[in-house]
Protein chains: 2
Amino acid sequence: MSQGVEWALHTCLNLSWLDAPVPTSVLATFYELPPAYLNKQLQALARAGILTSTSGPRGGFQLARPPEAVSLLDIVTAIEGPEELFRCEQILRRGPGEHAGVDYRQSCEFSQVMRGADLAWRRELAGKTVADVRTGVERGHPEAPANTRARIAALR
Amino acid sequence: MSQGVEWALHTCLNLSWLDAPVPTSVLATFYELPPAYLNKQLQALARAGILTSTSGPRGGFQLARPPEAVSLLDIVTAIEGPEELFRCEQILRRGPGEHAGVDYRQSCEFSQVMRGADLAWRRELAGKTVADVRTGVERGHPEAPANTRARIAALR
DNA sequence: GCGTAACTACTCGGATATGCTGTGTCCGAGTTAATCTGG
DNA sequence: CCAGATTAACTCGGACACAGCATATCCGAGTAGTTACGC
């Protein structure tokens with residue numbers, strides 16, 4: 001799984017504590033990440049409708065929706081793409097009992113089990129939102145929001 | 001996810017219908033797969049203790065355990081390795097409230113959710129065995145075992 | 001005919017190339033804010 | 001002092017290199033079955 005997912009998750013959480021656009025350079029400095037590459041990931045989040053981008057001075061990225069409406073699955077899908085973890089190449093078509101017209105992604109037993117596991121994984125991720133994580137973080141570290149806002153303001 | 005997983009799954013199912021070693025060349029011809037590369041995957045399964053390998057004439061691979069004792073997770077782990085889907089690089093260590101000695105794989109909220117999803121995925125795969133899949137296939141295609149045995153015998 | 005030893009063919013196993021996706025970087029288009037100028 | 005045009009800096013966005021892993025292949029080590037030979 002791509003490294004950018006972790007960056008995207010934490011960046012979305014940080015943005016949920018802010019209400020003005022933040023440029024990539026500031027967000028990158030926050031965790032000492034390569035700015036240009038982080039920008040690439042944020043572009044993907046913007047294309048997915050999770051962030052909105054603003055050009056020019058005082059521009060940057062901000063959350064497009066309230067954090068309650070952004071699931072972790074949304075973020076993972078935006079970065080990794082919509083493909084499922086296991087992709088069935090239907091090698092059964094080459095086997096002895098081959099039926100050329102059959103879609104083995106539906107009929108193959110292995111495909112079904114792998115798809116079920118994939119759905120279980122996605123269900124877990126879809127059930128947690130950025131707001132849920134934010135609540136948990138604030139419970140354990142009440143100073144986190146103020147720290148983040150102060151650090152961002154200092155880097156502007 | 002690696003392509004070899006699909007090959008390994010179907011190959012293990014086929015081997016569950018046989019009781020003698022089958023060489024890689026025969027197993028590869030079965031689905032028109034590149035023999036040398038399939039051999040590489042089967043080596044991984046052998047290292048994991050899922051298959052046993054026999055050298056020399058009349059040698060090959062066979063299941064090391066009864067199919068009831070081989071879960072799909074065993075096969076996936078043998079091919080893909082034991083790493084979890086999402087690996088936390090602990091970028092929080094670079095953040096403002098950094099605590100150098102903290103293991104963020106445990107304390108980071110995102111890590112916990114991602115790990116929970118990973119466990120849900122693994123639980124599904126661990127709950128299904130090669131024997132389960134075999135039963136399902138035999139229910140829908142009773143001729144499959146005989147077909148497979150005949151094809152293997154013809155290729156020997 | 002039988003036992004033994006050499007031989008041959010077959011199989012696994014790891015070492016060796018190639019291509020593609022994830023990773024990382026750079027520069028141009030567009031936009032905003034500030035500045036400067038003239039009334 | 002104020003309005004408007006110009007300018008300059010800043011930001012995103014996509015196009016351009018690099019690297020590491022999945023993919024694919026090949027050849028050597030070891031083994032078992034076979035064959036030939038001697039007793």
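By convention in this document, chain letters (A, B, ...) are assigned in the order of the sequence lines, proteins followed by strands, and residues within each chain are numbered from 1.
A salt bridge links B:D74 with B:R65: the closest approach of a Lys/Arg side-chain nitrogen to an acidic carboxylate oxygen falls below 4.0 angstrom.
Side-chain proximity of B:P57 to the nucleotides C:dT11, C:dG13, C:dC10 is greatest for C:dC10.
In this entry the distance linking CD1 of A:I91 with C1' of D:dT23 reads 16 Å, nearest Å. To the nearest angstrom, C1' of C:dT8 lies 17 Å from CZ of B:R58. D:dT23 atom C1' lies 15 Å from atom CD of B:E6, rounded to whole Å. Regarding B:E89, its CD atom lies at a distance of 16 Å from the P atom of C:dG22, rounded to whole Å. Regarding B:I79, its CD1 atom lies at a distance of 18 Å from the P atom of D:dC21, rounded to whole Å. Straight-line distance from the CG atom of B:L155 to the P atom of C:dT11: 12 Å, rounded to whole Å.
Not one side-chain nitrogen or oxygen of A:Y37 sits closer than 4.0 Å to the OP1 or OP2 atom of C:dT25. For A:S2 and C:dT23, the shortest distance from a side-chain N or O to OP1 or OP2 is below 4.0 Å. OP1 or OP2 of C:dC10 has not a single side-chain nitrogen or oxygen of B:S55 nearer than 4.0 Å.
Considering only heavy atoms from C-beta on, A:E6 comes within 4.5 Å of B:C88 through its side chain. Using a 4.5 Å heavy-atom threshold, the side chains of B:F30 and A:R94 count as separate.
Residue A:E89 holds its CD atom at 10.0 Å from OG of A:S111, rounded to the nearest 0.5 Å.
Side-chain polar atoms of B:T11 and B:N14 form no donor-acceptor pair below 3.5 angstrom.
Within residues 38-54 of chain B, the residues approached by DNA chain C to less than 4.0 Å at the level of any non-hydrogen atom are B:N39, B:K40, B:Q43, B:R47, B:S53, B:T54, in residue-number order.
If you find the closest nucleotide of DNA chain C to A:M1 and to B:G59, the one lying nearer the 5' end belongs to B:G59.
No more than 12 heavy atoms of other residues, nucleotides or ligands shown are found within 6.0 angstrom of CZ on A:R58.
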Salt bridge (Lys or Arg N to Asp or Glu O under 4.0 Å) between A:R149 and A:D19, worked out: CA-CA 10 Å; A:R149 276 190 280 262; A:D19 51 1; over 6 Å; no
